[in-house]
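In what follows, residues are counted from 1 in the order of the sequence shown.
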Amino acid sequence: MQTLESERLRLRQWTAGDAPFVLDMCSRWEVQRYIGATPRVLQDLGEASDLIARWHSRQDHLHRVWAVEHRDGYLLGTLLLVAISGSGTPPLQPTGETEIGWYFHPDAWGQGYALEAATLGMGYAFAGGLSEVLAVTHPDNAPSQALCRRLGMDHRGRTDRYYDMTCELFGISRPRAD
């Protein structure tokens, strides 16, 4: 997996040794409350390890789930660039579209890390040939919606097309080369 770096951040592959951080981050309701159709917190280290394995399974030649790490070596959160699943009869099927998403440990909130990481991820997506990146947010997740707007994403309205849940949809197209 390609590691991406910015002035403050490194986006890298999740490892088994990261499970304690994932448990700490994802056992907090304030982090999980907007994740998935039925949000829930992680209960133990085994669930954190399983989540890392699921993140690995969502990766392919372009799609990634990165650990977002400060260049000083401590973990901050996760950035996802993944195939988006449509609503319907389980198992949900990919739509052929790609979404970007993020969640961070509360200690990392409000410091611009999500914007910096998402900017790296979108650059990676467009350099890899994607023509569009979407973001689906819980209707009540105003901070993520504000970040979508800061990233230059257009609000495309409310939809039930993805993940069997109602989402606010945002999107951005690859910048044109002049």
Side-chain angles (χ1 to χ4, degrees), residues 4 6 9 11 14 22 25-26 28-42 51 54-68 76-106 108-177:
L4 305 178
S6 65
L9 303 180
L11 278 58
W14 284 101
V22 171
M25 178 174 67
C26 296
R28 298 166 184 264
W29 181 247
E30 65 265 35
V31 172
Q32 294 297 107
R33 66 183 169 177
Y34 298 129
I35 307 296
T38 309
R40 60 177 289 281
V41 296
L42 298 185
L51 180 56
R54 282 195 309 279
W55 286 338
H56 285 200
S57 74
R58 295 191 76 180
Q59 299 182 135
D60 58 28
H61 68 284
L62 179 62
H63 298 102
R64 301 284 183 253
V65 181
W66 288 281
V68 180
L76 301 165
T78 191
L79 182 76
L80 302 92
L81 184 69
V82 294
I84 190 169
S85 296
S87 293
T89 305
L92 301 181
Q93 298 300 308
T95 63
E97 299 166 295
T98 296
E99 73 165 313
I100 193 166
W102 48 82
Y103 42 107
F104 284 76
H105 192 283
W109 291 359
Q111 299 176 59
Y113 296 133
L115 176 63
E116 195 170 330
T119 299
L120 282 171
M122 287 201 319
Y124 172 88
F126 294 136
L130 287 177
S131 60
E132 180 180 59
V133 175
L134 301 175
V136 295
T137 68
H138 186 282
D140 297 332
N141 191 346
S144 279
Q145 293 164 19
L147 178 55
C148 289
R149 289 181 178 97
R150 283 194 303 276
L151 288 164
M153 301 181 98
D154 299 317
H155 182 235
R156 298 189 179 167
R158 191 165 283 195
T159 183
D160 296 321
R161 291 189 329 226
Y162 307 106
Y163 299 117
D164 281 341
M165 55 188 277
T166 300
C167 307
E168 292 296 331
L169 180 65
F170 291 81
I172 189 169
S173 296
R174 176 178 35 210
R176 291 182 5 182

Side chain to side chain contact (heavy atoms under 4.5 Å, CB included) between Y34 and T137, worked out
CA-CA 8 Å; Y34 298 129; T137 68; over 6 Å; no
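- Considering only heavy atoms from C-beta on, Q145 stays 4.5 Å or farther from H155 through its side chain.
- Checked against T78 for a side chain to side chain donor-acceptor pair (under 3.5 Å), the options Y103, W14, W55 give a single hit: W14.
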Checking W102 against V68 for the side chain to side chain contact (heavy atoms under 4.5 Å, CB included) test, could you report, in this order, the C-alpha distance in whole Å, the side-chain angles of both residues, the deciding distance, and whether it holds?
CA-CA 9 Å; W102 48 82; V68 180; over 6 Å; no
Between Q59 and V82, is the side chain to side chain contact (heavy atoms under 4.5 Å, CB included) condition met? List the steps.
CA-CA 7 Å; Q59 299 182 135; V82 294; over 6 Å; no
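- Two residues are said to be in side-chain contact when any heavy atoms from C-beta on lie closer than 4.5 Å; C26 and V41 fail this criterion.
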Between R33 and H138, does a side chain to side chain contact (heavy atoms under 4.5 Å, CB included) hold up when you go through it step by step?
CA-CA 9 Å; R33 66 183 169 177; H138 186 282; over 6 Å; no
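- Rounding to the nearest 0.5 Å gives a distance of 7.0 Å between SG of C167 and CD1 of I84.
- Residues L169 and R161 form a side-chain contact, since some pair of their non-hydrogen atoms from C-beta on lies under 4.5 Å apart.
- Considering every non-hydrogen atom in both I172 and L151, the closest pair reads CD1-O, 3.5 Å.
- Between the CG atom of L81 and the CG atom of L62 there is a distance of 6.0 Å, given to the nearest 0.5 Å.
- Side-chain contact between Q93 and S85: absent, with no pair of heavy atoms (C-beta onward) separated by less than 4.5 Å.
- With L9 as the fixed residue, the side-chain contact (heavy atoms from CB on, under 4.5 Å) test singles out one of L79, L76, T119: L76.
- Between R156 and E132 there is a salt bridge, since at least one side-chain N of the basic residue sits less than 4.0 Å from a carboxylate O of the acidic one.
- Of the residues H63, R64, R58, the one that meets the side chain to side chain donor-acceptor pair (under 3.5 Å) test with D60 is H63.
- One distance of note links CE of M25 with CG of L42; it measures 8.5 Å at 0.5 Å rounding.
- Nearest heavy atoms, M153 versus L134: CE-C, 3.8 Å.
- Side chains of T166 and D160: a donor-acceptor N/O pair is present below 3.5 angstrom, by distance only.
- A donor-acceptor distance shorter than 3.5 angstrom exists from the side chain of R174 to the backbone of G129, with no hydrogens or angles considered.
- Put simply, CD on E168 and OG on S144 are 12.0 Å apart, with the number rounded to the nearest 0.5 Å.
- Checked against the 6.0 Å centroid threshold, W66 and Y124 count as a close aromatic pair.
- The distance from atom CG of L51 to atom NE2 of H56, rounded to the nearest 0.5 Å, is 10.0 Å.
- Residue D164 forms a side-chain contact (heavy atoms from CB on, under 4.5 Å) with just one option from T38, L92, T89, and that option is L92.
- Between I100 and M122, the shortest heavy-atom contact is CD1-CG, 3.5 Å.
- A distance of 7.0 Å separates CG in L80 from CD in E99, rounded to the nearest 0.5 Å.
- A donor-acceptor pair is defined here as one N or O able to donate and one able to accept, closer than 3.5 Å; no such pair exists between the side chain of Q32 and the backbone of E30.
- Between the W109 side chain and the F104 main chain, a donor and an acceptor come within less than 3.5 Å of each other.
- Taking all atoms of both residues into account, the shortest heavy-atom contact from A83 to Y163 is O-OH, 3.9 Å.
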